[in-house]
Amino acid sequence: MLAVFNARAYDFVYNVRMQYGLVGRDPSHTYAKEFHESMNEINYEIKALDEADFIEFIKKRDFKGINITIPYKETVIPYLDEISETAKEIGAVNLVINENGRLKGYNVDLFGLTTNLEHNNIKIEGKNVLILGSGGTSNTAEYACRLLKAKSITKVSRAPKDANTVSYEDAKNLKETNVIINTTPVGMAPHIDDDLLIDLGDYHELEAVVDCIYNPYKTKLLIRAKQLGLKYANGLMMMVAQGVKTDELFFNKKYDNAVYLQTYLNIVANDQNIVLIGLPGAGKRYIGEQLSDKLGVFMLDVDRQIEKKKNTKVFNLLIKRDERYFRDLETKTIKELSSKTGKIITTGSGIVLRERNISSLEKNSIIVYIDRDIRKIKKILTSDESKKLLEKYGSLESMYLERDPLYRKHADIVVRNKGNAGKVADKILDLIMGMPVEE
């Protein structure tokens, strides 16, 4: 098992000497340094270079191996001695290895994207695919969709260059689109509030949306896809798969498939939150504690945070004050917690009553609905406090009827709690990694 790494801030490296690293115009969003240094004992540097400095850097050949990101995946090609057949066909290179002074280019994005589609069970065969963007990653997506036997592939650009590329205005007319793949940086941290390039509501046959961005965990595009009930996937597994493939080429190694899943989980554990929602008595806190122990990260409980601030129990706030007073405290606390990453967050049952609570958490969280049979919950909620709260706020049945649809609407994952918190936690982790689980 790989060690869990901690994402951290770091200064960009501007000196010309490098053994291994990543080069791009603005790679500030990347997890690459932490990723590759957790895989091997190397110093993996990040270089932010303008085009002139990038070309000069490549010409000097003073490195062993580098990844290349936006916008230099095509720019680098004329300066290479050799490129792989796949990279040649795609017309984009995102990995360069210096072999005794000769520069050889590869495209590992293709492996990353196809692995990501498979991991998220997004089918391309026979589908009409719309690819947003016209750069190197869009070329990779187009090639991948051809390999996977898409019915049609159309690229969208602000400045269409060929017959297979349309403007964003014309893209509105492609009503039969089934899958949309975003290869642009729109929505990438720190520009997470950028306006959407398209309105997903224009596509009535749409089934799935893929965003090659992985930071934030859910872009505005993916949040919109989720709201529409579509299948959605970010670029995290794409990054992991192409990163593992990079290290295989860097060091002439072969990694087991389990490495991909463990690395993916490591990143989720350290750079996202796992938020548990569900009815009172669903077992959120016990399951949260199990997840905290298994992942080695802190657990934060929304109700406990409120109690610390107000120096009183949540029960007293709910009984002695009106519900709006408590909900305002809850919303304020959730907004504060949403700025954190790498945490297990357990919530009160009413968190879903305000959309803005979910909006605060959604971008950097996997939201898990802990579903539990009401009959079992009734056997648990027998204290005088529980009875008084149910008397004031309604029966468990009415609460379930109101909130269950909201839990399901907002959840990325739904799991059934049959009474064993450890097993439920394991199931959550398996689902996060995309592994099959039994009900």
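All figures in this text were calculated on a predicted structure; none of them were measured in a lab.
- Counting heavy atoms from C-beta outward, Ser338 and Leu361 have side chains that approach closer than 4.5 Å.
- The salt bridge (charged side-chain N to carboxylate O under 4.0 Å, His left out) analysis of residues 168-192, with sequence neighbours excluded, yields the pairs Glu169-Lys172.
- The residues Arg354 and Glu330 are annotated as not salt-bridged, no charged nitrogen and carboxylate oxygen being separated by less than 4.0 angstrom.
- The closest side-chain donor-acceptor pair between Lys310 and Asn316, if any, does not fall under 3.5 angstrom.
- The shortest distance between side-chain heavy atoms of Lys226 and Ile367 falls below 4.5 Å.
- With sequence neighbours excluded, no residue satisfies side chain to side chain donor-acceptor pair (under 3.5 Å) with Tyr72.
- Contact annotation: the side chain of Ile432 approaches that of Tyr264 to within less than 4.5 Å [non-hydrogen atoms, C-beta and beyond].
- Within the 3.5 Å criterion, the main-chain N or O of Ile122 finds no donor-acceptor partner in the side chain of Asn120.
- Between Phe250 and His36, the angle of the ring planes lies from 30° to 60°, which puts this pair in the tilted group.
- Among residues at least two apart or in separate chains, side-chain hydrogen bond (donor to acceptor under 3.5 Å, both in side chains) pairs with a member in residues 283-299 are Lys294-Asp426.
- Judged by distance alone, the side chains of Asp271 and Thr341 never bring a donor and an acceptor atom under 3.5 Å apart.
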*Working for salt bridge (charged side-chain N to carboxylate O under 4.0 Å, His left out), residues Asp373 and Arg375*: CA-CA 5 Å; Asp373 191 299; Arg375 292 169 297 182; 2.8 Å; yes

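- Among residues at least two apart or in separate chains, there is no ring pair (Phe, Tyr, Trp, His ring centres under 6.0 Å) pair with a member in residues 154-202.
- Between the side chains of Asn357 and Thr331, a donor-acceptor pair is found at a separation under 3.5 Å.
- Using a 4.0 Å cut-off between charged side-chain N and carboxylate O, Glu391 and Lys388 make no salt bridge.
- You'll find the side chain of Val93 stays beyond 4.5 Å of the side chain of Lys73, heavy atoms only.
- In this structure, Ser138 contributes its side chain and Gly135 its backbone to a donor-acceptor pair below 3.5 Å.
- Using a 4.0 Å cut-off between charged nitrogen and carboxylate oxygen, Asp211 and Lys220 do not count as a salt-bridge pair.
- Checked options Asn94, Asn67, Thr140; the residue passing with Asp109 is Asn94 (criterion: side chain to side chain donor-acceptor pair (under 3.5 Å)).
- Side-chain N/O atoms of Asn139 and Glu74 include a donor and acceptor closer than 3.5 Å.
- The number of heavy-atom neighbours closer than 6.0 Å to NZ of Lys378, taken from other residues, nucleotides and ligands shown, is 12 or below.
- Judged by distance alone, the side chain of Ser360 and the main-chain N or O of Arg356 form a donor-acceptor pair under 3.5 Å.
- At a threshold of 4.0 Å, the pair Asp404-Arg408 counts as salt-bridged, since one of the basic side-chain nitrogens sits closer than that to a carboxylate oxygen.
- Note: Tyr260 and His119 fail the aromatic proximity criterion, with ring centroids not under 6.0 Å apart.
- Each salt bridge (charged side-chain N to carboxylate O under 4.0 Å, His left out) pair with one or both residues in residues 123-136, not counting sequence neighbours, appears once here: Lys127-Glu207.
- In this structure, Leu130 and Tyr203 have side chains that are in contact, with non-hydrogen atoms separated by less than 4.5 Å.
- Each salt bridge (charged side-chain N to carboxylate O under 4.0 Å, His left out) pair with one or both residues in residues 131-151, not counting sequence neighbours, appears once here: Glu142-Arg146, Glu142-Lys155.
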